[in-house]
Each structure stands twice: as C-alpha cells, then as structure tokens.
Amino acid sequence: MHSLHYDVIVVGCGPTGAMLAAELRLHDVRVLVLEKDTEPGSFVRIVGLHIRSLELLAMRGLLDRVLPHGRRRPAGGFFAAIDKPAPESLDSAHAYLLGIPQPVIVRLLEEHAIALGAEVRHGCAVAGFEQDDDGVTVELDDGERLRSRYLVGCDGARSTVRKLLGVGFPGEPSRTETLMGELKVGAPREEIAAKVADVRKTYRTFIFAPFGEEVYRVVVPAEGVSDRAQPPTLEDFKRQLRAIAGTDFGVHSPRWLSRFGDATRLVERYRVGRVLLAGDAAHIHPPIGGQGLNLGVQDAFNLGWKLAARIRGWAPEKLLDTYQSERHPVAEEVLDNTRAQAELLSLEPGPRAVRRLLTELMDFEEVNRHLIEKITAIGVRYDFGEGPDLLGRRLRDVELKQGSLYGLMHRGRGVLLDRTERLTVGGWADRVDYLAEPAAALDVPCVLLRPDGHVAWIGDDQKELDGHLSRWFGEREG
C-alpha cells in the first residue's frame, strides 16, 4: 500500500476546485490539486459573479482583490433576459453582478489556494483510481500513483472522475447549440448597433457587442446540434449571422471560436465512499442566467468545511452526508429554472405568450424579488428542521462594533453572534468564534452560523445551543 501522501486530491483547478482547495487549507488539510491543462484557455469568456458568490468572497477576504478586475452592473434582467430592474431593497451589501474574465477569476482563486498552502500541479491528467476503506489511490496518465484520504472531482462537464466512478448522470441531451467567439468586424459600429437592436427583439440570446479595439463578442444560435469535439469555423459564424441578422457584419480574424449546447443533467449521487463530485462534474445546464460558475463555487463552500471536519476528526457522524442532501436540491432548482427560462426564450407562440404574461407579473416587486433571489442564490434555504424563516438561510453582512460580520469570518470557522451577552461556545472554541454584539442589527437574540454563513440555530438558551453546537461541530473539547 502507498502511504497517505495527501488528505484530499482535487481534480480540476477551475473556480470550483481552486475554491475548494482554499477552503480545505483554512483547516490545515493537505491538498493536492491536479489540472490536466498546462496553460489557461486561449479564449477570454466573461462570467458573472452573482450576489451570493460575491458575499462568499467577502466572507473570505477575497472580494477587494477581485473587484478591480471586473465590471459591476445592476442585478436585474437575469431571468430569461426579461429587462426588469432589480428591487431596490435586496437584502445584501453586494446587490450587483460582477462581470469578470473567467481566466482572471480562476487565476485569483488559484493564487489564493496556493498562498494558503495548497499544492497545484498542471499538466496532470487522471487515468484511474481505486478506493478502499482507508483512502483512494489515484493513477495519473504518466503512470504515477498517488494516495489520499479523499478524492474530489471538480473536472467539469466531461468529468473523468464522474465517468470512472460510474454514477448516473440523468437528464436531457442538447437539443440546440450556440456559437460563441471573439472576431473582428468590417461593418461600421453604428450600423451594427442598429441591426443588433432589431435582431434582439426576436432572438433574446443573440449578442454582438464590442469587446476591445475592433473586436466583437458574438453569440449566435447554431444551425443544429453537431459533434462538439469539432470547433466551429469562421464560415459557420458567417452563415448563421446571415441567417439570423441578414448580414455577417464582415466578421474576420477570430481570436477564438467555441460552441455550447443546452444539455441539462444532474448526477444521482454527489458522493460514493471517499470520492465526491462538485461543480460541473455534478451538474450541467444551459448558461441562461449565468448560474453555472456560481453554483460550483457555492458547492465548494458547502463541502470544504465539512470535509475538513471529517479529516480533522471532529465531524459529527452524518455531517458529510449533508453535502448531498443540501446541494442536490439546490442544483435541481437551478436546472428547473434554466429549463423554464429556455422555454421563455422560445420563438413559438405559446412560450411567447407566457413570456408576455411573466413580464407583466414581474412589475410586482415580490415576483421580481423572488426570481432575482432564485438566480443569485440569496434565496437558498437549507432544511434544518422547523424554526423561524431565517433558519437555514444565509445571514447578510451585519455591521458590528468589531467590524463587518463577513470581515470576521476569514478563517472559515463557525460564529456565535450573541446579542444577549449571556451565552458561550465553551468547549467548541477551537471551531466556533464568539461575538458579543448587543447592538447588532438583528431581529433575533442570537444566531449560530456555520462556516458557510448559513444560520444553524436561533435562540437564547445555552442548553439548546449546546445541542446544536454538537449537531454541527461535533463533541466539545475537554
């Protein structure tokens, strides 16, 4: 047998894998990240960080590092591209979208993980693995064998780990495809703007927008579903632009060209023994609403502290099982809302009538708020049992006399926020921070927060608190 070289091997160093590695390192877990690519992707896709992801970055002290690299835009117009502004009173200090190049956010998160002590190897592809009662033996494509206590597949939609694990990945295959790329153009900017405005009255997903000097980002429906292993050609773009817009705008000299489908799938199990899945390895869906990257980063936040607790030896028996029970339903809801949005973007008379009706309904603030909170994940509520509505939800960033709440959560520990100044975390002080804040802007006496910022308990009774500390943070020390 191999010795245990690592506590966790993470396969894939995209946003999900890098964030998971960083979360594990906050708890001194030995982490190796394996990334099959030697260099970042050649294309610069802009992704949107939604409200909840921005809050999580603030919770770990990363947001100030990320903000200068992105562009803020209002948190509205997400749901099926229905152009409605976000409600003014969204319950967050970060009620906006941050558009940022994907290679940049990947680099920043990888640098963060490395700074915390994670080891990252590029150009390493997984060829196979075997698990037993004590750990996982991972074989690389060059024949090297590594040993860890756990293996997590964060290796994307075509996940090698998921395929080798053999878990079901049910759902729907792609019915449509979309071409995406960055190209230079030959038409005047004013002519392009007028034509694009006219086309988007019908094709809501059509994008032809300036992106730097003489370069445009182009997103246009493809002719049909093809072999995605073959990248599209310049002629494919010209043909579809002429079919949709009546002109190809003189596109030439592409920087990069790609295609994506609308396949929608969710893995049956997030965990089999000592092997787990996260991000696109566990769920795929069309990019409508821009939820994919955010869903993966939020998977990592949910899993990181739980897996670390298991490795550190204090996790309650069923804690790691809650990764599946909490995140699988969230992914199901995301898949459902992308299915609904796809129908609302259809050109058929029925869906267009439903779209007009929903556009009217979104003038009601509560309808608009519900859809925005769904897309941006601030409406997520985990099932922690009966209790006030706040139980199981994330807590906003509350201003405290010691600083902001999120500013005090950089270490990835639990938090007891006590307005009564009568409670204590006692023997859990090595895992949970105590904040006595009688003036905190809360409608409840005390809250116990998990490391991911979700409210695990509300009340003011010490004995009741101790029971919930045991439920989430194991047996007390001493």
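Only this structure's heavy atoms are used, side chains among them; waters, hydrogens and symmetry mates stay out. Just so you know, these numbers come straight off a predicted model, no measurement behind them.
- Residues Asp236 and Leu179 are in side-chain contact: their nearest non-hydrogen atoms beyond the backbone lie under 4.5 Å apart.
- Figure legend: cation-pi geometry between Arg217 and Phe211, with NZ or CZ positioned under 6.0 Å from the six-membered ring centre and within 45° of its axis.
- Between atom NE2 of residue His283 and atom CG of residue Leu295 there is a gap of 4.0 Å, rounded to the nearest 0.5 Å.
- In summary, the side chains of Tyr150 and Arg271 do not present any donor paired with an acceptor at a separation below 3.5 Å, with no hydrogens or angles considered.
- Here Glu317 contributes atom CD and Asp321 contributes atom CG; the two are 8.5 Å apart, rounded to the nearest 0.5 Å.
- If you check the side chains of Tyr216 and Arg189, you find a donor sitting under 3.5 Å from an acceptor.
- Without hydrogens or angle criteria, Asp262 side chain to Arg175 main chain gives a donor-acceptor distance under 3.5 Å.
- Counting non-hydrogen atoms of other residues, nucleotides and ligands closer than 6.0 Å to NZ of Lys36 gives a total of 12 or fewer.
- Under a cut-off of 6.0 angstrom, the local environment of CG in Asp142 is crowded, with over 12 non-hydrogen atoms contributed by other residues, nucleotides or ligands.
- Annotation: the span from Thr205 atom OG1 to Ile288 atom CD1 amounts to 8.0 Å, rounded to 0.5 Å.
- Side chain of Glu35 to backbone of Cys13: a donor-acceptor contact under 3.5 angstrom is found.
- Atom CZ of Arg107 has more than 12 heavy atoms from other residues, nucleotides or ligands within 6.0 Å.
- For the atom pair His5 NE2 and Arg145 CZ, the distance stands at 10.5 Å (nearest 0.5 Å).
- With respect to the salt-bridge test (charged N to carboxylate O, under 4.0 angstrom), the residues Arg339 and Glu172 qualify.
- With contacts defined as side-chain heavy-atom distances shorter than 4.5 Å, the pair Met180/Val218 does not qualify.
- The structure places CE of Met19 at 7.0 Å from CD1 of Ile105, a figure rounded to the nearest 0.5 Å.
- At least one test fails for Arg147 against the ring of Tyr6: distance under 6.0 Å to the centre or angle within 45° of the axis.
- Among Phe301, Tyr382, Trp305, the one residue that satisfies the ring pair (Phe, Tyr, Trp, His ring centres under 6.0 Å) test with His454 is Tyr382.
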Kindly indicate, with the supporting measurements, whether the criterion side chain to side chain donor-acceptor pair (under 3.5 Å) is fulfilled by His50 and Glu55.
-> CA-CA 9 Å; His50 285 315; Glu55 290 182 341; over 6 Å; no
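- Remark: aromatic rings of Trp472 and Phe384 are close, center separation under 6.0 Å.
- Considering CD of Gln298 and CZ of Arg394, their distance stands at 11.0 Å, rounded to 0.5 Å.
- Minimum heavy-atom separation, Val10 to Cys154: CG1-SG, 3.9 Å.
- Arg25 places a side-chain N or O within donor-acceptor distance of the main-chain N or O of Leu116, the cut-off being under 3.5 Å.
- Asp155 and Arg162 are not joined by a salt bridge, as no carboxylate oxygen comes within less than 4.0 angstrom of a charged side-chain nitrogen.
- Thr38 approaches Gly123 most closely through the heavy-atom pair CG2-CA, 3.6 Å.
- Taking the six-membered ring for Trp and thresholds of 30 and 60 degrees, His94 and Tyr96 have ring planes more than 60 degrees apart, a perpendicular arrangement.
- For CD of Glu130, the number of neighbouring non-hydrogen atoms (other residues, nucleotides, ligands) closer than 6.0 Å is 12 at most.
- Atom CZ of Arg73 sits in a crowded spot, with more than 12 heavy atoms from other residues, nucleotides or ligands closer than 6.0 Å.
- Without hydrogens or angle criteria, Asp7 side chain to Val29 main chain gives no donor-acceptor distance under 3.5 Å.
- With hydrogens and angles disregarded, no donor-acceptor distance shorter than 3.5 Å links the side chain of His27 to the backbone of Ala308.
- Across all their heavy atoms, Arg149 and Arg310 have their closest contact at NH2-O, 4.4 Å.
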Passes side chain to side chain donor-acceptor pair (under 3.5 Å), Thr338 versus Gln291? Steps please.
-> CA-CA 9 Å; Thr338 56; Gln291 299 167 89; 5.6 Å; no
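- Side-chain contact annotation: Asn337 with Gln341, donor-acceptor N/O pair under 3.5 Å present.
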Go through Glu23 and Arg60 one step at a time and tell me if the side chain to side chain contact (heavy atoms under 4.5 Å, CB included) criterion holds.
-> CA-CA 9 Å; Glu23 288 296 287; Arg60 295 298 184 260; 2.8 Å; yes
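- Here Glu326 pairs with Lys306 in a salt bridge; the nearest charged N to carboxylate O distance falls below 4.0 Å.
- In this structure, Ala331 and Leu266 approach most closely via the heavy-atom pair CB-CD1, 3.7 Å.
- When every heavy atom of Ala80 is checked against every heavy atom of Leu345, the shortest pair comes out as O-CD2, 3.5 Å.
- Within a 6.0 Å sphere centred on CD of Glu235, heavy atoms belonging to other residues, nucleotides or ligands number more than 12.
- Comment: Arg121 engages Glu144 in a salt bridge, judged by a side-chain N to carboxylate O separation of less than 4.0 angstrom.
- The shortest distance between side-chain heavy atoms of His112 and Arg65 falls below 4.5 Å.
- Considering all non-hydrogen atoms of both residues, Val196 and Phe206 come closest at CG2-CE2, 4.0 Å.
- A distance-only check finds a donor-acceptor pair linking the side chain of Thr376 to the backbone of Ile372 [under 3.5 Å].
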